[in-house]
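Every chain is numbered from 1 and lettered A, B, ... according to where its sequence line falls, protein lines coming before strand lines. What you see is a predicted model; the values in this text were computed from it and never measured.
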Amino acid sequence: MFRFVNKLNHINSSLLINNGIRYYSSKCLVVAEHDNKDLLSSTLNTITAANKLGSDVLLLVAGNNCKSVVDKATKIKGVKTVFHADHPLLEHGLAETLSPVVVGLKERQQLTHIFTPATNFGKNFIPRVAALLDVGAVSDITSIKSDDTFTHPIYAGNAIATVKSEDAVKIGTIRTTAFEKAPVEGGSAAVEQLDWIAPLVDQAASSTNIKWEGSQVIKSERPELTGARVVVSGGRGMKSGENFKMLEELADTMGGAVGASRAAVDSGFVSNDLQVGQTGKVVAPELYIAVGISGAIQHLAGMKDSKVIVAINKDAEAPIFQVADVGLVGDLFKVVPELTEAIKKAK
Amino acid sequence: MTSLTETRYIVKNLYKQLLYLGRISFLGVENVRNKAKPQFMANAHLTDLNEINQCIERTRYVIKEVEAMHRFHKYRTLKKAYDPEFQKINDQFDIEKFTLYNNNNNSNNNNNSKQ
């Protein structure tokens, strides 16, 4: 693997100087991803990453009527303070309304780091925060070397870049699969209400003229794709969206999630939130079953950290077999139901 | 790529590159030669520059794919060799039974992988 160090900026701030007072301790803000009822597990991974800095970990829960989230957040091990920002316009985590809150908090708390999960939520608002603070953002952090040096994948994961940020405040999104989940019990964080946010949010909403129209959420009983222990993915070989039922059944018997390759998504078999790969989600399950996927490198980049890779494909020449730990050459329409039956029987 | 002699050298060079990749990667030089040689020979008679250029472009693409696959393979091999957690799960994964380690809720998958 290549390795290089980028100098992002030239402001020297190994210690933060503010109003003549030197702050030797660092403060890391984690912006929590939640659905106003529950904390999403990606936040827990991010808290682990933040704790690796050895700094105080502060958690921002910004939402609407999200008291229950705050209660749960205070119990997470390793969190010092939970900031509770409640405003109707913060309900959906819009970048336009959330960013001024984060920026405002940075100014009041002398933050040294701002982290958030590298999910659609985080990727949405972090660039805006970075621009408002006029600093660089490090995306998809996979490990933390020191309080200003991070590694992250570049060129679709073919190389790992070690970057050093010399900005006053280090901003980054955390690749959730690279860090363990923080324990949800055993912490006792203080809660702080943020009362000053209302005018900021209102002003941001009116100046950007943004409003929430609605969303289409696909409800699923299955575990989240990025956090599942088992992922069953289908590709072009599935022939149609109907046939994905087969995979869903297989996934359900193993308590896993269903994914898809770009070929399957582009052919309209399934919706694009299932896409695994360079442009889709990055997964790292313990068992990854690739069904009818030939193994384009862009897809492999999204699942290379899977512990065990099982491939089912009728073409013995498919590249996926070169990287799979277990390969099965056969007609998936016959093999997958057999596999499902066998698992059910074994239970 | 203007003349036939010129393309001739380019093609030879590409073939060499493929063999080199075979040698350094897990694919093996024999394996690559067995696959690549018939395909190269099948197009040996081409004299139209456009067609030749198309073939050259495709070969370049394939070389990139092989390179990427090589890197991917290397990444996983190193992970399996040095990452303790990776090792643990891979060692405890039962191919016959499809069982993951410390499995309480998922996977007991019977031997479909025998085939």
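With a 6.0 Å radius and a threshold of 12 heavy atoms from other residues, nucleotides or ligands, B:Phe26 has its CZ atom above the threshold.
When side chains are defined from C-beta on, A:Lys72 does not count as touching A:Ile76, because their heavy atoms never get closer than 4.5 Å. Inter-residue side-chain proximity for A:Ile174 and A:Asn45 is flagged as unmet; no heavy-atom pair is nearer than 4.5 Å. A:Lys314 is not listed as a side-chain neighbour of A:Lys334, based on a closest heavy-atom distance of 4.5 Å or more.
Contact tally against chain B (heavy-atom pairs below 4.5 Å) for A:Ala301, A:Pro319, A:Ser306: the top residue is A:Ser306. Ranked by heavy-atom pairs under 4.5 Å with chain A, the first of B:His73, B:Lys80, B:Met69, B:Gln87 is B:Met69.
The aromatic rings of A:Phe150 and A:Phe115 sit perpendicular to each other, their planes meeting at more than 60°, with 30° as the lower class boundary.
Proximity to chain A is limited to the side chain of B:Leu27, based on heavy atoms less than 4.5 angstrom apart. Looking at A:Glu317, only its side chain comes within 4.5 Å of chain B, counting heavy atoms on both sides. Only the side chain of B:Phe72 comes within contact range of chain A, judged by heavy atoms closer than 4.5 Å. Of the atoms belonging to A:Ile309, heavy atoms from both backbone and side chain fall under 4.5 Å from chain B.
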